[in-house]
A.B. asks: 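I have a structure I would like to understand better, so I am pasting it below and will then ask my questions one at a time.
Quick caveat: nothing in here was measured; it's all calculated off a predicted structure. By convention in this document, chain letters (A, B, ...) are assigned in the order of the sequence lines, proteins followed by strands, and residues within each chain are numbered from 1.
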Number of protein chains: 2
Amino acid sequence: MPSKRVEEVQAAGEERSKRHERAQRILDAAANLIQRWGYKKTTIDDIARLAGVAKGTIYLHWKTREDLFTALLLRESMEASVDILERINNDPKGMFLSNLMKHGMYVIMTRPLAKALFIRDVEVLGELVRSGQEDIGLISQQKMIAGKGMLELLRSKGMLRTDQSIAIQMKMYNAIFMGFMTVNQYLPDELQLSLEESTESLAESIRLTLEPDKTVAPQVLQEVKATWDQLVQQMNKLLNERLQREIEV
Amino acid sequence: MPSKRVEEVQAAGEERSKRHERAQRILDAAANLIQRWGYKKTTIDDIARLAGVAKGTIYLHWKTREDLFTALLLRESMEASVDILERINNDPKGMFLSNLMKHGMYVIMTRPLAKALFIRDVEVLGELVRSGQEDIGLISQQKMIAGKGMLELLRSKGMLRTDQSIAIQMKMYNAIFMGFMTVNQYLPDELQLSLEESTESLAESIRLTLEPDKTVAPQVLQEVKATWDQLVQQMNKLLNERLQREIEV
DNA sequence: AGTTGACTATTTAAGTTAAATTGGTCAATA
DNA sequence: TATTGACCAATTTAACTTAAATAGTCAACT
């Protein structure tokens with residue numbers, strides 16, 4: 001009886017999607033509360049109440065409180081990555097390192113949780129700053145978006161200087177990036193940068209210090225994009241599997 | 001009786017210098033202890049013991065504990081400034097913004113207290129981070145070494161780009177500077193920068209993003225230095241007076 | 001005179017205990 | 001069978017007490 005089989009599969013599918021939707025709702029609640037009260041002070045009871053489920057339900061999804069928040073941070077990282085990738089894809093010159101960084105900064109700065117994760121905000125993340133470093137912390141994403149492989153690709157296509165070593169270049173763009181991410185907190189009011197100024201200035205700094213002057217043929221740009229897309233898709237697949245596991249338990 | 005007058009003056013002079021030397025000793029002790037235990041946990045008793053004076057003596061120099069530490073931070077700022085100025089003077093190309101920043105970074109990074117002051121290290125400075133911002137915090141020094149006036153001078157001599165606004169340039173070098181000052185704490189081991197790498201990379205970044213390519217005649221460099229020296233001397237005089245006042249009562 | 005350190009009024013830290021909260025479980029329920 | 005929320009042990013917080021430490025003073029001493 002194939003119809004029976006189909007119905008079963010459909011039912012199971014519906015159920016899986018309801019389950020998934022509920023997990024998302026719980027994570028939404030957790031995201032909301034962690035931004036308001038910080039990790040330390042957001043309790044499972046609060047999350048359950050805000051998500052409209054019973055406390056026990058949360059433990060049907062994650063074994064411990066920490067697991068829940070780990071999943072939340074992983075989801076945030078993934079979503080931010082998707083945003084960044086999308087902005088890069090919509091930018092004809094998105095493949096330049098300067099623009100990769102610009103889009104990265106824009107997205108991270110406009111997502112409070114991603115920002116907290118990136119700058120290791122203890123006020124928000126509490127003890128999680130420790131756990132969420134290498135593993136979750138947008139770092140694997142950064143490696144993907146502008147890792148060593150990417151730099152090599154850009155260099156081979158004349159989109160990055162070759163009179164500096166790759167190692168130094170990585171250190172430089174990290175320093176400059178973090179600089180623009182965090183200066184404002186050290187600057188007096190009259191020198192505060194708006195988000196627009198920050199991202200544009202960041203892009204210009206990266207461009208001037210790491211990219212050569214020569215123009216790049218649209219043809220080449222296309223090639224780079226193609227290669228990069230493969231790279232990203234590969235990584236994305238791995239990360240998505242990880243995400244599923246993390247959220248569903 | 002002139003001889004009497006002379007003796008009196010000498011005696012007063014000796015006394016003043018002894019007094020001054022004692023004040024320095026007390027500040028040395030405070031500097032030592034604040035680095036070891038942080039502001040919150042270094043007590044006046046400790047300082048007195050380490051400086052070899054009685055507690056009451058300290059109150060002959062400063063009205064409150066906070067005044068003492070304010071004087072300490074001011075002294076540190078001044079000494080760091082002197083170091084920086086000296087390095088700049090010994091560098092034939094010291095007048096380039098990239099090198100001003102390089103020397104600034106080197107000195108600040110090699111002086112634990114100056115560094116703590118600059119990056120607003122709460123562990124070391126405790127509540128002092130608040131008080132020591134605009135007023136003490138190397139910021140007035142920075143304004144001197146690379147303030148708006150300096151940038152205007154450099155621009156007029158072709159040593160700075162003129163296709164960016166001064167305001168943006170100030171923001172950029174601040175961001176880049178802070179970036180190189182603080183990246184290491186966000187970077188994994190394999191990307192850590194040594195002090196040499198940091199200062200050199202900082203200089204290169206600043207040079208590439210803010211300085212034009214064209215070479216500058218030694219003649220011009222000399223002119224800039226002369227003008228700058230005046231500017232610095234003026235400021236230094238003011239600051240020194242301030243320092244004297246701060247240390248003596 | 002300049003310097004000291006015992007002294008005091010406060011602040012901070014440590015200790016104690018009770019109450020409240022929390023993460024996690026599981027028998028009852030829909 | 002999937003979900004719930006009363007329940008529990010363990011932990012955290014809060015309130016309170018007590019002891020120790022501290023900043024600043026000042027009479028006594030050099």
A.B. asks: Just the rounded figure in Å: distance from P of C:dT12 to CH2 of B:Trp37.
C.D. replies: 20 Å

A.B. asks: Please tell me if B:Arg22 has a side-chain N or O lying less than 4.0 Å from either OP1 or OP2 of C:dT3.
C.D. replies: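 True: B:Arg22 side-chain N/O within range (under 4.0 Å) of C:dT3 OP1/OP2.
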
A.B. asks: Only pairs at least two apart or in different chains count here, so list each salt bridge (charged side-chain N to carboxylate O under 4.0 Å, His left out) that has a residue in residues 103-114 of chain A.
C.D. replies: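 Sorted pair list: A:Glu76-A:Arg111, A:Glu79-A:Arg111, A:Asp83-A:Arg111.
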
A.B. asks: Starting at atom CG of B:Asp46, determine the distance to atom C1' of C:dT12, rounded to an integer number of angstrom.
C.D. replies: 15 Å

A.B. asks: Which is it for A:Arg75 and A:Gln24 under the side chain to side chain donor-acceptor pair (under 3.5 Å) test, yes or no, and what are the steps along the way?
C.D. replies: CA-CA 9 Å; A:Arg75 186 185 75 163; A:Gln24 295 297 328; 2.6 Å; yes

A.B. asks: Looking at A:Asn184 and A:Leu193, would you say the former's side chain and the latter's main chain have a donor-acceptor pair under 3.5 Å?
C.D. replies: yes

A.B. asks: Taking A:Gln192 for its side chain and A:Leu187 for its backbone only, find out whether a donor-acceptor pair lies under 3.5 Å.
C.D. replies: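 Such a contact is found between A:Gln192 side chain and A:Leu187 backbone.
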
A.B. asks: To the nearest Å, how far apart are B:Ile47 CD1 and D:dT22 P?
C.D. replies: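 Going from B:Ile47 (CD1) to D:dT22 (P), I get 11 Å.
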
A.B. asks: Rounded to the Å, how far apart are A:Lys18 NZ and D:dT1 P?
C.D. replies: 17 Å

A.B. asks: Rounded off to whole Å, could you give me the CD-to-P distance for the A:Glu21 and D:dA2 pair?
C.D. replies: 17 Å

A.B. asks: Just the atom pairs and distances: protein N or O near nucleotides 23-27 of chain D's N or O, under 3.5 Å.
C.D. replies:
| residue | atom | partner | partner atom | Å |
| --- | --- | --- | --- | --- |
| D:dA23 | OP1 | B:Arg65 | NH1 | 3.4 |
| D:dA23 | OP2 | B:Ile44 | N | 2.9 |
| D:dA23 | N7 | B:Lys55 | NZ | 2.9 |
| D:dG24 | OP2 | B:Tyr59 | OH | 3.0 |
| D:dG24 | OP2 | B:Arg65 | N | 2.6 |
| D:dG24 | N7 | B:Lys55 | NZ | 3.4 |
| D:dG24 | O6 | B:Lys55 | NZ | 2.6 |

A.B. asks: Roughly how many Å is it from CZ in B:Arg19 to C1' in C:dT3, rounded to a whole number?
C.D. replies: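 Distance check: B:Arg19 CZ to C:dT3 C1' gives 12 Å.
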
A.B. asks: Any sub-3.5 Å donor-acceptor pair from B:Glu197's side-chain atoms to B:Ser194's backbone N or O?
C.D. replies: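 Yes, the answer is positive, given that a donor and an acceptor are paired below the 3.5 Å cut-off.
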
A.B. asks: Please confirm whether the shortest side-chain N or O distance from B:Thr57 to OP1 or OP2 of C:dT4 is below 4.0 Å.
C.D. replies: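 Yes, such a contact exists.
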
A.B. asks: Between B:Asn32 (side chain only) and B:Asp28 (backbone N and O only), is there a donor and an acceptor less than 3.5 Å apart?
C.D. replies: no

A.B. asks: Does A:Arg120 use its side chain to pair, donor to acceptor, with the backbone of A:Val129 at less than 3.5 Å?
C.D. replies: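 It does not hold such a pair.
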
A.B. asks: Rounded to the nearest Å, what distance is computed from the CZ atom of residue A:Phe69 to the P atom of nucleotide C:dT22?
C.D. replies: 12 Å

A.B. asks: Measure centre to centre between the rings of A:Tyr186 and B:Phe177, then say whether the value is under 6.0 Å.
C.D. replies: no

A.B. asks: Measure the angle between the two terminal helix axes of the helix from C:dA1-D:dT30 to C:dA30-D:dT1, five base pairs each, and quote it to 10°.
C.D. replies: 30°

A.B. asks: Please report, rounded to the nearest Å, how far the C1' atom of D:dG5 is from the CG atom of A:Leu60.
C.D. replies: 13 Å

A.B. asks: Would you say that B:Thr199 contacts B:Leu202 through its side chain, given a criterion of any heavy-atom pair below 4.5 Å between the two side chains?
C.D. replies: no

